[in-house]
Structures are given as structure tokens and as C-alpha cells.
Engineer: 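Attaching a single structure in C-alpha cells format; questions to follow.
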There are 2 protein chains.
Amino acid sequence: MMIELRHLRALSLLRETGSLVRAAERLHLTQSALSHLFREMEDRHGQELFVRKSRPLRFTSAGLRLLQLGDDILPRVEVAQRDLARLASGQAGRLNIAIECHSCYQWLMPALNTYRDGWPEVELDLCSGFHFAPLPALVRGDLDLVVTSNPDPELKGLHYEPLFSFEMCLAISLKHSLLQELKRRWVEPQELAKEVQITYPVERERLDIFQHFLDPAGVEPAGIRTAELTVMMVQLVASGRGVCALPNWALYEYLQKGFVAQLQLGREGLWSTLYAAVREDLREQPYLADFLKTARNTCFANLQGIRTARARARARASPTMTEAT
Amino acid sequence: MMIELRHLRALSLLRETGSLVRAAERLHLTQSALSHLFREMEDRHGQELFVRKSRPLRFTSAGLRLLQLGDDILPRVEVAQRDLARLASGQAGRLNIAIECHSCYQWLMPALNTYRDGWPEVELDLCSGFHFAPLPALVRGDLDLVVTSNPDPELKGLHYEPLFSFEMCLAISLKHSLLQELKRRWVEPQELAKEVQITYPVERERLDIFQHFLDPAGVEPAGIRTAELTVMMVQLVASGRGVCALPNWALYEYLQKGFVAQLQLGREGLWSTLYAAVREDLREQPYLADFLKTARNTCFANLQGIRTARARARARASPTMTEAT
DNA sequence: CAATCATCATGAGTTTTATTCATGTTTAAT
DNA sequence: ATTAAACATGAATAAAACTCATGATGATTG
């Protein structure tokens, strides 16, 4: 037989009340039950847990060690139990968020701030700077929500909630020769072979420009240069150090200010959809559903040039509307 | 009903094995038993714990939360269980030591070093700088051994193992007028009323000179000055800033070097006995019994002027021998 | 696509464990 | 010494944990 929480709870209560009778009362048991219980524990461990004939009650070293264990773990069990109850009722929960798309901080931060007001009980955590694959971590339970544009259909048990569709665009210097040479508003992959790509400092697989544009065409850029911040990337582009792919909504303000020019990636433009990946069973939870709503609202309120995934799907079906923004 | 460790163990094993059948094998149960067990847990918490029809096995958020709890607390339970087993067998244990007497570091450190070699499994900790009463902490289980010269007979469940008896002596400057004035080797409390006392920086109640010499006679010294280290206290005495009570064994080397002179406190000398206080049930433990032996050996090997408590008791009974050292 | 195999669920029956009840023993207080 | 409160104990009972036998489900394969 093994230690059980029941034993630790009883022992803790024995210390608290100072007598079997009162401890039994608190546990809604008889004094006899506790007497049997402690005797069994003592038999199991081969030593006394407390000194019977003594007032006030005294514990032996073994008893004290078990009390210490109880002090250590019982509160944790309580917390877990509350978490489960809240999870069942949908009142609150944990929301460990990771984002794959670096620019997304732009809308995620305001969204989180708004959300926090409505759900102060939800334990929010933003797991940036992770060096593990986020979607498996979501399945494992280390994360609760992943913002990604690359759903993995292999992973079971996940639901991908579309947030919005956006266009990946190429930021290019106003003085760049391509702007003059091309008689069109879009580039082919081959036309970027001589350019330096400015990117976020993350793995190549997580950059849409490579995964969905250059790599499929077998084009390698003249160089790759990284920058942490979007504003730095734009600055490098503006000063002619290279070109850079950014979501249209991230690029918008810099276009307005006339810092850089914009080209579409390919004739159709490189559209993709951003999803919030969550575990299926969490999807219905009010606190999560509301987070998704808040996130979407924040995005459509603040980001220029994005579309609902549905609208974009319709647009793709009827090519005449493709370029509408 | 409440969460029990059995549930957490089963769930962890389910994750480890990936199936009810294999988890049941490992637990020496039938698959049916586990099926019933998990169903009950789910009923209790009002939600599924894992997704049945799925390979590989997937857990729900609730299941993951319980797994996390298990990962958190099950290892702690294991550790406690091992501790209890070792406590039962007397192989090893914990030894959190506190000392009331500041000078005792002088022999405690070598004793600990010797002891460590023989009992590498025992978790040794020296709780110095405590600001709580050490004997109650010993009863409570926060400490396992307290070196004290003031046993408290009120506290039940403690055993006081005598280490040795020693004499509290007064260190006094070689040029001090008292040395000339007195025609004897001892002082009365009243004769210290004009002196500054140099003491360790601890509460007055913990200083034998006050508790057993000055306070009973109602004598207040001209001043109190503190120093952290014995050597500093002796230095202050040597330079005439005051007098200072120290155990004879701590004073010995400074007398030898001729830094200070020594006077007895009262005609009989102020003898007291140093005890190692332990909880009664720990007393028989081999690892503890051996610590006491090592400590005593170290003391008698290194300290000059100490006596066994028994010898001192005999000496006190026959006054003619009182002053023998 | 049926056949097969492995896994899991289920209900009744059984064993084990937890608890109570009735009563005796010990302890501390008066 | 007497008494009251607390605790221990063994038998009886209630509750739980578990098994067995079997049926359902899902994945695999020829």
C-alpha cells in the first residue's frame, strides 16, 4: 500500500486540532476511523507518527516528515482542484499563448490588454522566445493557444480558428531600380534572386517569403540579413540595403508615410490566413471563445488591409476581384 | 470524494504507456479496473480527461492539468517515502542543527567535518542566524538538534544529551586595577558594576553572564558592547575597553599567549553544562547517536579545560575538589 | 469490405478496504 | 480515588476497489 492524500490530510488536521476526536469531527468521520487509519500508516512505515499519551500532541520525526510533505503538496492539490472546477464551469482558466508570426505583437498586445479587463481570473502568459515547435507543445499541454499561419493537419485534437487573411507584401526602396523596370505592381520569385532579404531572426522555415514564394521556385536570395524590429527592417529597406516581406497590415503605416514602396509577391499576391490553434476541448470554453472574439475584433479594428478568411476564400474563387483591397 | 494519489499515479502511467492495457499491467491491475477508475475521476470532475478513440493517446486540458499536478507532487511523495524508510532503518536522515552558544562553532565545525565522512547520506544543515527560539523549533520539527546550555524542562518529547561541562570565566585586561585590588582569583557580581561587558550580539537572555551571574544579583554593568568574533572580543578586553565572559575552553589560547587575564565568576566559579537537545524518538537513531559520539570526541580532543558532566557533578558534591581543573 | 485483432467499456459479482458501533483502556484532572 | 475525556480495539457493516465475462468500438489487413 502507498501513501495517499487522505492520510496526509488526516495528519495535518490532527496537528491543527490537536486531538483525534476533533480531527475526526472535521473530517466527518468517527474517532475510531482515524485511530484505525493512523495505526495502519504506522504499521506501513514501521514507526510511530505521534506520541499518544501526551498533551499537547507531539509528533515523531516520521510524523513531522509526513506533515512537511502535506504542507508541501496539499496546497498544490487544492489549486489544481480549483483549476479543474473552473475549467469545468468555464469561468476561468490558463491561457499560455505563443505566436509564430513575429509581427503579431502589434495586435496581440492591445488584444491582451482588452481581454484582461474582462477576464481578470484567467492566467495569461505570453510564451515568446520559445525554441520548440509550438504546435506539439500545444498538444502536450504546455501551451493553450498558438497563433500560426501554418496549421499542421497531422496533429490531432487541435482546432484552428481563422483570425483573418492578409497579404504578404514586398517592401522595397522608393529608389529601387525594380520599381522603374517593372511595368507591373508585382514581382516574380526570379526577380528577387539579386536582392538581399531582410528578415526577422528566426528559422527559415517560419518565414512565409521562403516557404511559400522563393523556395518553391528554387530561388536563393543574394543574401539574408536579420533585424529584431519591424521598424528597423523597414529602415534597412528604405536605405537600399535589401528588400523585405511583411504582412500588408504591418507595412501599412510605412507606406502611408512614404518610407518605402510595396510590390505584390506573384501575380495573385501571396495571401495567407492567420489561425489561432487551440485544443479541441478548450474551444467551447467561454473564456477562450471570448479571447478569440476579442482578438478578431482588435485585429479588424486596428489593422489595415486584412480580410476575413471567408471573404478571401470567395475572392480567390472569382479571380476578377483578387486585387481589391 | 477527493483527488487521491492513486488517481494521479494511474494517469501518469497512462501517459507513459499510452494505453489502458499497458498501464494496467504496470499497476498490477486489470484493464477494467483502470477503466472504472478513470470514469469515476471524470464523473467527479465533470469532464473528460483524455480522448478515448485516438491513437496516439491525447489528453484534454483537464487531463493535462492533473498530469501537471502529478509531475509536481508525485516525485515529492517518493522522496518523503524514501526519507521515512531511511528513518525507519536508521540508515540516514536529516540533521538540521542550531547552536545557542556562539563560541561553539570552534568545535562544531571540525565535528561536522569528521561526521560527514562517516555519514555522507545524512543531510547536514547548520541553521545559524535564526531569530526564533530553537527549542520549540526542535519540537516543531524545523530543527533536529540544538546545542544549548539551558534545557527547558517544560518542553516535552526532548532528550538532552550532555556533551561536556565547562566554566564561564571572565576575561580581563592584564593591566586592570581589579587584578591588583583583589587578593583572590574570583569576582563577585557587584565588583563588575563599574565594568563594560563585551558580548556576542545576541539577546541578553541567551548570555550566561547575565542570566546566571549579574541578573540574579541585580547588577547592571556600566555598559554593553558587542563584537561578532571571539578574537575581537578578546582584543577589546586586552585594550581595556571592558571585560568579557567566555567559556574557559574558548579563552584558553588567549590566556596562553598572555593577551588577557582570567578571573572566576563567583567563589565556586560559574560552571554550566552544554547539551545536545534532540527529539526523543530520534535519540536511538544510529546516525544521530554517532553524531553525538563524534561531537563529544571532538570536544574532548580539542578543548582545554572541559569536563564530563558526570565528573563535574561529582566535583560539585565534594567541595574540597571544586577548583581542580 | 468483411474479417481479425487489439483496445476499451460495462454490469454483475467478489474481494478488499474503510468506516462504524459497541466497548474496553488509558490519561489527566478534580 | 473518581470521573470525564480521549484513545484503542475487535467485530460488524458499508463502501470502495477490483475482477470476470462479455460486448462494443476502432484500426488493420488480406
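Numbered from 1 within each chain, the chains take letters A, B, ... in sequence-line order.
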Engineer: Over how many whole Å does the gap from A:Leu37 atom CG to D:dC7 atom C1' extend?
Structural biologist: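 Value for this atom pair: 14 Å.
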Engineer: Starting at CE of A:Met2 and ending at P of C:dA18, how long is that distance when rounded to a whole Å?
Structural biologist: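 Checked: the CE to P distance equals 14 Å.
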Engineer: For B:Arg39 and C:dT10, is the shortest distance between a side-chain N/O and OP1 or OP2 below 4.0 Å?
Structural biologist: yes
Engineer: Grab the CG-P distance between A:Leu20 and C:dT26 for me, whole Å please.
Structural biologist: 16 Å
Engineer: Do side-chain atoms of A:Thr30 reach the backbone of A:Ala33 as a donor and acceptor pair under 3.5 angstrom?
Structural biologist: yes
Engineer: Any idea which of C:dT19, C:dA9, D:dA6 is nearest the A:Val21 side chain?
Structural biologist: D:dA6
Engineer: Between C:dT26 atom C1' and A:Phe50 atom CZ, what is the distance in whole Å?
Structural biologist: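 Interatomic distance, CZ of A:Phe50 to C1' of C:dT26: 14 Å.
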Engineer: Answer yes or no: is there an ion pair linking B:Arg9 with A:Glu4, defined by an N-O contact shorter than 4.0 Å?
Structural biologist: yes
Engineer: Closest heavy-atom contact between B:Ala80 and A:Leu69?
Structural biologist: CB-CD2, 3.6 Å
Engineer: Could you check B:His212, B:Arg206, B:Glu100 and say which one makes a side-chain hydrogen bond (donor to acceptor under 3.5 Å, both in side chains) with B:Asn150?
Structural biologist: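 In the set B:His212, B:Arg206, B:Glu100, the residue that makes a side-chain hydrogen bond (donor to acceptor under 3.5 Å, both in side chains) with B:Asn150 is B:His212.
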Engineer: Looking at A:Ala98 and A:Cys127, what are the two nearest heavy atoms and their distance?
Structural biologist: CB-O, 3.7 Å
Engineer: Decide yes or no, distance alone: a donor-acceptor N/O pair under 3.5 angstrom between the base of C:dT20 and the side-chain of A:His36.
Structural biologist: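 Per atom types, the contact qualifies.
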Engineer: Look at the side chain of B:Ser35 and decide which nucleotide, out of D:dA8, D:dT19, C:dA9, has an atom nearest to it.
Structural biologist: C:dA9
Engineer: Report the distance from atom CD of B:Glu4 to atom C1' of C:dT17, rounded to the nearest whole Å.
Structural biologist: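 About 13 Å, once rounded to whole Å.
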Engineer: When the distance from CG of B:Leu29 to P of D:dA16 is rounded to whole Å, what number comes out?
Structural biologist: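 Distance check: B:Leu29 CG to D:dA16 P gives 18 Å.
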Engineer: With no angle test and no hydrogens, is the base of C:dA9 tied to the side chain of B:Gln31 by a donor-acceptor pair under 3.5 Å?
Structural biologist: yes
Engineer: Which whole-number value in Å describes the distance from B:His28 NE2 to D:dA17 C1'?
Structural biologist: 17 Å
Engineer: How long is the line joining CZ of A:Phe38 and P of C:dT17, in whole Å?
Structural biologist: 19 Å
Engineer: With hydrogens left out and only the distance checked, is there a donor-acceptor pair under 3.5 Å joining B:Ser32's side chain and the base of C:dT10?
Structural biologist: yes
Engineer: Would you say A:Arg6 reaches C:dT17's phosphate, i.e. side-chain N/O to OP1/OP2 under 4.0 Å?
Structural biologist: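 Checking A:Arg6 against C:dT17: no side-chain N or O falls below 4.0 Å of OP1 or OP2.
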